[in-house]
Structure formats: structure tokens, C-alpha cells
Amino acid sequence: MNNQRRKQIKEVQNQLSEIRDNLNSILCDEDEYLCNMPEGLFSSSKKSMVAQENVGDLQFSVDAVDELIDTLKGVVERKHI
């Protein structure tokens with residue numbers, strides 16, 4: 001891989017890091033919303049079920065972006081044989 005493509009991949013990694021940070025911020029907000037939900041609403045509300053699903057899906061998304069960043073890091077660091 002030439003240096004130009006490595007540079008392009010590093011730029012994509014930076015963009016993905018920003019996306020991960022934004023998703024993580026949204027995740028924290030949704031988790032805080034869920035944690036601050038009144039107990040009566042939490043145990044019997046569809047809102048709490050949706051919020052729990054959102055937290056799980058957002059966490060999955062953050063983890064997936066992290067994995068993608070790590071994969072791209074390996075591509076950039078791989079030496080030409």
C-alpha cells in the first residue's frame with residue numbers, strides 16, 4: 001500500500017473516531033435518561049423498553065465502529081511483503 005492510500009485510511013479512521021465519540025455521547029444521554037426514569041414508569045412503560053433497546057443498539061454500534069477502526073489500523077500498519 002502506498003503512502004497516499006495509508007493517509008486516506010488514516011483520515012477515514014479519524015472520521016470514524018469522531019462518529020464513535022458522537023454515538024458514545026448519544027449512548028450516555030440515553031442511558032442517563034433510562035437511569036433517571038421514575039421507577040413506576042421504568043417497570044411498566046413501553047418507553048423504558050424502547051430506551052433499553054436503544055442503549056443496547058447504540059452500544060453495539062459503538063463497539064462495531066471500534067472494531068472497524070482497529071481493522072483499518074491493521075491495514076495501515078501491515079507491511080508489504
Side-chain angles (χ1 to χ4, degrees):
M1 178 175 294
N2 67 24
N3 287 333
Q4 181 183 0
R5 286 192 290 271
R6 278 191 172 87
K7 183 179 177 182
Q8 288 173 321
I9 291 174
K10 287 179 183 180
E11 289 173 10
V12 170
Q13 284 177 288
N14 290 336
Q15 293 168 353
L16 287 169
S17 291
E18 187 174 330
I19 290 169
R20 180 204 49 222
D21 293 345
N22 289 337
L23 285 171
N24 200 48
S25 176
I26 295 166
L27 168 62
C28 289
D29 290 345
E30 189 71 5
D31 191 48
E32 185 176 339
Y33 166 75
L34 185 62
C35 289
N36 290 326
M37 191 175 284
E39 187 176 325
L41 189 61
F42 180 82
S43 61
S44 65
S45 171
K46 184 170 177 119
K47 285 185 179 184
S48 68
M49 289 174 38
V50 170
Q52 288 175 359
E53 288 179 24
N54 290 342
V55 167
D57 289 345
L58 287 165
Q59 184 62 60
F60 178 82
S61 298
V62 169
D63 293 344
V65 174
D66 274 336
E67 186 175 331
L68 182 54
I69 291 168
D70 289 343
T71 300
L72 291 174
K73 182 179 178 183
V75 170
V76 169
E77 294 177 350
R78 189 171 299 125
K79 302 295 182 196
H80 180 68
I81 298 175

Open item on the list: Going by side-chain contact (heavy atoms from CB on, under 4.5 Å), name the residues that satisfy it together with K7, two or more places apart in sequence or in a different chain.
Closed with: E11
Open item on the list: Working to the nearest 0.5 angstrom, can you tell me the gap between M1 CE and R78 CZ?
Closed with: 8.0 Å
Open item on the list: Minimum heavy-atom separation for V65 and L16, please, with both atom names.
Closed with: CG1-O, 3.5 Å
Open item on the list: Quick check for you: to the nearest 0.5 Å, what is the distance between Q13 atom CD and L68 atom CG?
Closed with: 9.0 Å
Task: Residue pairs involving residues 42-56 (criterion salt bridge (charged side-chain N to carboxylate O under 4.0 Å, His left out); sequence neighbours excluded) - done: none
Return a table of donor-acceptor pairs under 3.5 angstrom between the side chains of residues 22-41 and protein atoms on other chains or two or more places apart.
residue: N22; atom: ND2; partner: E18; partner atom: O; Å: 3.4
residue: E30; atom: OE2; partner: N54; partner atom: ND2; Å: 3.2
residue: N36; atom: ND2; partner: E32; partner atom: O; Å: 3.2

Task: pair Q52-V55: side-chain heavy atoms closer than 4.5 Å - done: no
- [ ] To the nearest 0.5 angstrom, please state how far the NZ atom of K73 sits from the NZ atom of K10.
- [x] 11.0 Å
- [ ] Only counting residues at least two apart or in another chain, list the ones meeting side-chain hydrogen bond (donor to acceptor under 3.5 Å, both in side chains) with Q8.
- [x] none
TODO: Could you tell me which residues satisfy side-chain contact (heavy atoms from CB on, under 4.5 Å) with N3, sequence neighbours excluded, listed by chain and number?
DONE: R6
- [ ] Just jot down the salt bridge (Lys or Arg N to Asp or Glu O under 4.0 Å) partners of D66, sequence neighbours excluded, or say none.
- [x] R20
- [ ] In sequence, state the C-alpha distance, the side-chain angles, and the governing distance for N2 and R5, and then conclude on side chain to side chain contact (heavy atoms under 4.5 Å, CB included).
- [x] CA-CA 6 Å; N2 67 24; R5 286 192 290 271; 3.3 Å; yes
TODO: Would you please name every residue forming a side-chain hydrogen bond (donor to acceptor under 3.5 Å, both in side chains) with D63, sequence neighbours left out?
DONE: Q59
